[in-house]
Amino acid sequence: MFRKTSGNFFKDVYEVVALIPRGRVTTYGAIAQYLGSKQSARMVGWALHQEGCKAYYPAHRVVNKQGLLTGKHFFAETQSMESLLALEGVLVQNDQLQNFENLFWDPCQELNYWPLD
DNA sequence: GACATGACGGCAG
DNA sequence: CCTGCCGCCATGT
């Protein structure tokens, strides 16, 4: 289940993102850590770029460690991250998540799995 | 097959 | 406090 990166990195990212509860958000680093490679946060963002812009899954719930919407630029204006998040009750101001630490959803914690690290 | 790049993050200077 | 570099993995040229 917790298979490491074996070409399924995208799949794993997709899987984790899909598990993000509505109205909550997570970070690239958190997902990367959950996948066992906390240092490959870049890959997470890259993975989202592959399928994220298609709006097939809530990529808008994934932000950077600062709670900043770094990827909003890749969303269509009609479905901007801010709007989508706002619909879920998540307040965003100037690309910055409000009350971010309270909305933060850590897969390692919520999924009851802690990497051996 | 090699080099450059990307929605990041942590640490060093 | 701010700037810069390295690491990580997969994709594109």
Side-chain angles (χ1 to χ4, degrees):
Chain A
M1 185 62 175
F2 302 117
R3 59 184 58 175
K4 306 303 180 183
T5 62
S6 301
N8 298 71
F9 206 99
F10 284 22
K11 186 171 179 293
D12 291 331
V13 174
Y14 180 92
E15 192 174 327
V16 176
V17 175
L19 292 174
I20 303 174
R22 179 173 173 282
R24 303 291 292 283
V25 297
T26 192
T27 69
Y28 306 99
I31 296 175
Q33 185 177 339
Y34 173 73
L35 297 180
S37 299
K38 59 181 180 183
Q39 297 165 295
S40 53
R42 312 184 72 182
M43 243 318 290
V44 178
W46 189 242
L48 296 178
H49 191 192
Q50 302 305 297
E51 311 184 50
C53 50
K54 298 171 184 170
Y56 286 149
Y57 63 106
H60 58 277
R61 295 184 187 143
V62 184
V63 297
N64 69 347
K65 195 79 178 186
Q66 307 173 65
L68 199 62
L69 306 185
T70 54
K72 65 164 291 185
H73 189 70
F74 293 88
F75 276 76
E77 296 180 17
T78 54
Q79 49 183 346
S80 65
M81 296 179 82
E82 298 178 25
S83 299
L84 292 171
L85 289 170
L87 291 175
E88 300 183 353
V90 180
L91 300 178
V92 180
Q93 186 170 40
N94 192 25
D95 300 347
Q96 172 65 56
L97 283 175
Q98 304 300 302
N99 199 24
F100 170 59
E101 53 185 282
N102 186 41
L103 298 171
F104 182 54
W105 180 84
D106 187 346
C108 297
Q109 183 175 299
E110 300 299 326
L111 298 179
N112 193 31
Y113 164 70
W114 199 263
L116 299 178
D117 203 13

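In what follows, chains are A, B, ... by sequence order, proteins preceding strands, each numbered from 1. These numbers were taken from a predicted model, which means no experiment stands behind them.
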Expressed as a whole number of angstroms, how long is the span from [X]:[atom1] to [N]:[atom2]?
X        : N       : atom1 : atom2 : result
Gln50(A) : dC9(C)  : CD    : C1'   : 12 Å
Ile31(A) : dA10(C) : CD1   : C1'   : 16 Å
Gln33(A) : dC8(B)  : CD    : C1'   : 14 Å
Ile20(A) : dA7(B)  : CD1   : P     : 19 Å
Lys38(A) : dC11(B) : NZ    : C1'   : 12 Å
His73(A) : dG6(B)  : NE2   : P     : 12 Å
Tyr34(A) : dG9(B)  : OH    : C1'   : 21 Å
Tyr28(A) : dA10(C) : OH    : P     : 19 Å

Least distance between heavy atoms, [X] atom then [Y] atom:
X        : Y        : answer
Ala59(A) : Leu48(A) : CB-CD2, 4.4 Å
Tyr28(A) : Gly71(A) : OH-N, 4.3 Å
His60(A) : Phe75(A) : N-CZ, 3.7 Å

Practice problem: Just jot down the side chain to side chain contact (heavy atoms under 4.5 Å, CB included) partners of Ala30(A), sequence neighbours excluded, or say none. | Solution: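 Only Thr26(A), Thr27(A), Phe104(A), Asp106(A), Pro107(A) meet the side chain to side chain contact (heavy atoms under 4.5 Å, CB included) criterion with Ala30(A).
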Run the side-chain donor-acceptor check on residues 61-69 of chain A: report pairs under 3.5 Å with partners two or more places apart or on a different chain.
residue: Arg61(A); atom: NE; partner: Glu88(A); partner atom: OE1; Å: 2.9
residue: Arg61(A); atom: NE; partner: Glu88(A); partner atom: OE2; Å: 3.1
residue: Arg61(A); atom: NH1; partner: Ile20(A); partner atom: O; Å: 2.9
residue: Arg61(A); atom: NH2; partner: Glu88(A); partner atom: OE2; Å: 2.6
residue: Asn64(A); atom: OD1; partner: Gln66(A); partner atom: N; Å: 3.3
residue: Asn64(A); atom: OD1; partner: Gly67(A); partner atom: N; Å: 3.1
residue: Asn64(A); atom: OD1; partner: Leu68(A); partner atom: N; Å: 2.6

Could you measure between the two [atom1] atoms, the one in [N] and the one in [M], and give it in whole Å?
N      : M      : atom1 : value
dA4(B) : dC5(C) : P     : 15 Å
dC8(B) : dC1(C) : P     : 23 Å
dG1(B) : dC8(C) : P     : 22 Å

Please produce a list of atom pairs where a protein N or O lies less than 3.5 Å from an N or O of nucleotides 1-3 of chain B.
none

Quiz prompt | Closest listed nucleotide, where the reference is the side chain of Phe75(A) and the choices are dG9(B), dA7(B), dA10(C) | solution =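 Ranking dG9(B), dA7(B), dA10(C) by closest atom to the Phe75(A) side chain puts dA7(B) first.
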Quiz item: What parts of residues 64-71 of chain A reach DNA chain B, counting only heavy atoms under 4.0 Å away?
Solution: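 Within residues 64-71 of chain A, the residues near DNA chain B are Asn64(A), Lys65(A), Thr70(A), Gly71(A).
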What's the separation between atom [atom1] in [X] and atom [atom2] in [Y], rounded to the nearest 0.5 Å?
X        : Y        : atom1 : atom2 : value
Glu15(A) : Ile31(A) : CD    : CD1   : 11.5 Å
Phe74(A) : Met81(A) : CZ    : CE    : 11.0 Å
Phe10(A) : His49(A) : CZ    : NE2   : 10.5 Å

Practice problem: Any side chain to side chain donor-acceptor pair (under 3.5 Å) involving residues 89-104 of chain A? Give me the pairs, sequence neighbours left out, ordered by first then second residue. | Solution: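 Non-adjacent pairs meeting side chain to side chain donor-acceptor pair (under 3.5 Å): Lys72(A)-Asp95(A).
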Shorter than 3.5 Å, N or O on both sides, protein versus nucleotides 5-7 of chain C: list them out with atom names.
residue: dG7(C); atom: O6; partner: Arg42(A); partner atom: NH1; Å: 2.9
residue: dG7(C); atom: N2; partner: Gln39(A); partner atom: O; Å: 3.2

Exercise. Report yes if some heavy atom in the side chain of Leu91(A) is under 4.5 Å from a heavy atom in the side chain of Phe100(A); otherwise report no.
Key: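 No, their side chains stay 4.5 Å or more apart.
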